[in-house]
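Only one structure is covered here, and it is reproduced in the block below.
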Amino acid sequence: MSIDAYITIALFLLTILGLLKFQSRPAAVFGLTLISLVAMGLVSKAQLLSSIANPGLITLILLIICSFALEKTRLLRIIASKVILVSYKSTFVRLFAVTTACSALLNNTAVVATLLSPIRNNPHHFASKLLLPLSYAAILGGTLTLIGTSTNLIVNSLFIDAEGHSLEFFSFTAIGLMLVIGCGLVLAICVRFLPENKHEMDNSKGYFIDAKVVENSELINRSVEDNGLRHLESLFLVEVVREGRLISPVSPNEILKLHDRLIFSGDITKVGQLSQFSGLETFAHKNELKDSNLTEVVVRQESVLVRRTIKSLGFRALFDAAVVAIRRDGEEISGKLGDVQIKAGDFLVLAVGDDFKSRRNISKNFIVLSGVETEVRLNGWKAWLSVAGFITTIGLAAFGAIDLLEGLVILLGALLFTQALNVNEIMRRLPTDIWLIVSSAILLSHALVNAGVVDVLGEFVNHSVDKEHVYLALILVYVLTWLMTELVTNNAAAALMFPIAYSLALGFGVDILPFVMTVAFAASGSFVSPYGYQTNLMVFNAGQYRIKDFIKIGLPVSLVYGAIVIIAVPIFFPFY
C-alpha cells in the first residue's frame, strides 16, 4: 500500500477513537477529519465540493427545514390529545401506533417532544410506564421509510455518492414493518418491568424557581404569612437561603431579610405572581427580561452547560436568556439557582430576549420544547399549506411522480413566500452538525478510494476469505455498527461504517445493498443506552429512569431487532 493509504487508514481510526473519546462532540471530530483530508491533499477540490453538495445530504437538510413549519401547526397536538385512554393496554397500543406512524414521516424529536407533556401529566397511568415505549416507538417508526430518520437519509447520501442513484422511498418498509411488529410485541411483554415512578400531574410542577429579596423591598422584616407568600396559586415556598444557610421547611412566622433567596416550587406558568411583590427579583428581572416570554428547553448531553453552574457561564451573554426555573425529574434540587450544577436532560424555563431567536448556539445546547418554536402558531390557511404541502410533496415523491429534492425546494419556497417560515428561524435551527458529519464522511470515503484502501480491502477479502462467509461478514457489520451507535451516535455510526460495509461487499463480489441496508438498520437500533439516541435522552429524566431500566427493557428489544434485521435483509436484498 502507498503512504497515502496508511495515512488515510490512520485518519479513519483516529476519527473512531475521537468519537469514542469526545462522544458529545461528533461534529468537531468529523470537522477535524475533513480539514486533515483537505490539508494533506488526500481528496480533490471537486470531491470536497461534491461531498458538501451531495443530493442526498441536501435532501436531508431540506426535509428537516420544511418540517419546522409542520411543528408550528396543531397537527401533532391534536393527535397527542387522542392518545391517552383509561385502559393502559389501549393507551399503549394507541401510543405505539400513533408514534410509529408519525415518526415514519416526521422528525422523531418533534414527535416525542409533543407527546411528552400529555403523557407526563396524564391522570390514569404512571408516566414511566409510557415514556420509554414512546421513545422506542419513535425509533422503530423511523425505520419504515427513507425519510423516517436522519440515519436512513445519511446512508442514502453515501449510497448516492457511491452508486449515482437513490434508494427507493419504500426500500425500508417491509423490514421496518417486521421490526415494528416484532419489537412492539417484545416491548408489550416487557413493559410490566418498567418502574412505577410517581410524577406530579401538572407538567410544570416540580420546577425550581429562585427569587431574591432586594433593597427597599416591602417584604423585608415581615413574616412569610404577613407578606402573603403562603397564599400563592400553584406556587409553594419550599426554602429560604440566607447567608449560605438553608431554611427548610419555611415557617409561616419566618421573618424575611434583605438578600434572602426565596425558593419556590410549582407551576411555572404562575411565576408572574412574583412580580406583584415589590423588591422580589428573579433571574429574568435581574437581566431585564420579561417573565411573560418563557421558553422550555431540555439540556443536551453536548451542551456547554453540563457540569457547570449558571452563574459561572455568563448565561445572558451566551444565549440572550435568563434561567427562570429548573426541573430535574427524579431528583430534588436545593439552594440558589445560580449555584445549581446543570446535568444533561435537565428541563429549564428561560426568559428570552429579542436576540434569542437568532442565536446559532441554541440548537447545539438545548432541545427546545416550547416557546420560541411554538410562540407563533400557524393557523388557518398557513397551517393547511404547511400540512397539505408536506404530505403532498412526500406522497408524490414516494410514488415517483416528482423528485423528492425538487419537491422540497418548491415547498420551501412556498413556506418562505407565505411567511410560514422565515430565514432567521431557518438559520438558527439549521442542522449544521448533521451537514458537517455527513459531508466529512463522504469525503473520507473518497479518500479511502483515492488511496486504494477500498481496493486493497476488497482484494484481501476476495483472496483470503471464503465466499461462503459472506453472511458472517454481514453479521459482523451489524454488530460493529450497533456497538458504535450505542457508544457514539447513530449518525456517526452510519457515516463511518458505510465505507467498510461497501468495501466488504465489493470484496465478496456480492450486491452492496444487503450491506448498505444492514448499516442503515443497525445504526437506528439504539435501545440500550439513554444517550445513543436523542429521544432516549428526552425521556430518560422525564420518566425518572435509571440506566438499568434501559438495559432491562432495551436489551430484549435490541436482540429481537438485530435478529430480524440479520435474517430479513438477505431475504429482501439477496447477495446475488
Side-chain angles (χ1 to χ4, degrees), residues 52-80 101-114 142 145-150 152-154 156-157 166 169 295 352 354-360 362-364 366-435 438:
I52 295 171
N54 176 276
L57 175 56
I58 300 300
T59 301
L60 168 60
I61 301 301
L62 286 173
L63 190 68
I64 292 172
I65 292 172
C66 289
S67 70
F68 295 161
L70 209 60
E71 293 172 26
K72 293 161 68 175
T73 69
R74 295 178 61 242
L75 176 65
L76 282 175
R77 286 158 190 85
I78 292 171
I79 292 171
C102 290
S103 296
L105 299 175
L106 304 176
N107 180 275
N108 288 351
T109 305
V111 174
V112 172
T114 304
T145 64
L146 175 64
I147 66 168
T149 175
S150 58
N152 290 355
L153 285 161
I154 285 172
N156 187 50
S157 303
S166 172
F169 187 88
T295 295
V352 302
D354 295 334
D355 194 38
F356 181 83
K357 295 180 180 180
S358 59
R359 294 289 173 99
R360 297 193 181 183
I362 302 301
S363 61
K364 295 176 183 177
F366 307 114
I367 300 168
V368 182
L369 299 184
S370 64
V372 175
E373 275 75 4
T374 57
E375 199 169 51
V376 181
R377 300 284 190 193
L378 291 181
N379 295 305
W381 65 270
K382 286 187 180 181
W384 282 106
L385 171 67
S386 301
V387 175
F390 190 89
I391 293 174
T392 301
T393 302
I394 299 303
L396 291 173
F399 293 101
I402 61 170
D403 179 76
L404 181 58
L405 175 58
E406 294 172 355
L408 289 171
V409 169
I410 295 169
L411 176 61
L412 179 59
L415 294 173
L416 287 171
F417 182 76
T418 59
Q419 290 295 298
L421 280 178
N422 60 68
V423 175
N424 284 339
E425 185 178 5
I426 292 172
M427 292 304 295
R428 182 174 55 77
R429 298 184 64 190
L430 191 68
T432 51
D433 283 9
I434 289 179
W435 203 328
V438 180

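Numbering starts at 1 and runs along the sequence shown. Side chains included, hydrogens not; waters and symmetry mates left out as well; all remaining heavy atoms used.
- Among the candidates Leu63, Ile410, Leu408, Leu62, the single residue satisfying the side chain to side chain contact (heavy atoms under 4.5 Å, CB included) test with Thr393 is Leu408.
- Side-chain atoms of Trp435 do not come within 3.5 Å of backbone N or O of Ile61 as any donor-acceptor pair.
- Across every non-hydrogen atom of Leu146 and Asn152, the tightest pair is O-CB, 3.3 Å.
- Atom-to-atom distance recorded for Thr149:OG1 and Ile154:CD1 is 8.0 Å, nearest 0.5 angstrom.
- Counting heavy atoms from C-beta outward, Ser67 and Leu106 have side chains that stay 4.5 Å or more apart.
- Note: Thr432 OG1 to Met427 CE = 9.0 Å, rounded to the nearest 0.5 Å.
- Taking CG of Leu396 as the start and CG of Asp403 as the end, the distance is 12.0 Å to the nearest 0.5 Å.
- Put simply, the side chain of Asn156 never gets that close to the backbone of Ser166: no donor and acceptor are under 3.5 Å apart.
- Contact annotation: the side chain of Ile426 never approaches that of Asn422 to less than 4.5 Å [non-hydrogen atoms, C-beta and beyond].
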**Message:** Using side chain to side chain contact (heavy atoms under 4.5 Å, CB included), reason through Val438 and Asn54 one step at a time and then give a plain yes or no.
**Reply:** CA-CA 9 Å; Val438 180; Asn54 176 276; 5.9 Å; no

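- Across all their heavy atoms, Ser386 and Leu415 have their closest contact at OG-CD2, 3.7 Å.
- Of all the heavy atoms in Ala397 and Leu404, the pair that sits closest is CB-CD1, 3.7 Å.
- Contact between Lys382 and Thr418 at its shortest, heavy atoms only, is CE-O, 3.0 Å.
- Between Leu385 and Ala414, the shortest heavy-atom distance links the atoms CD2-O, 4.2 Å.
- Judged purely by atom type and a 3.5 angstrom limit, Ser103 has no side-chain atom pairing as donor or acceptor with the backbone of Gly142.
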**Item:** Intermediate values then yes/no, side chain to side chain contact (heavy atoms under 4.5 Å, CB included), Leu412 and Leu421
**Value:** CA-CA 8 Å; Leu412 179 59; Leu421 280 178; 4.2 Å; yes

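- Of all non-hydrogen atoms in Leu405 and Thr59, the two that sit nearest each other are CB-OG1, 3.5 Å.
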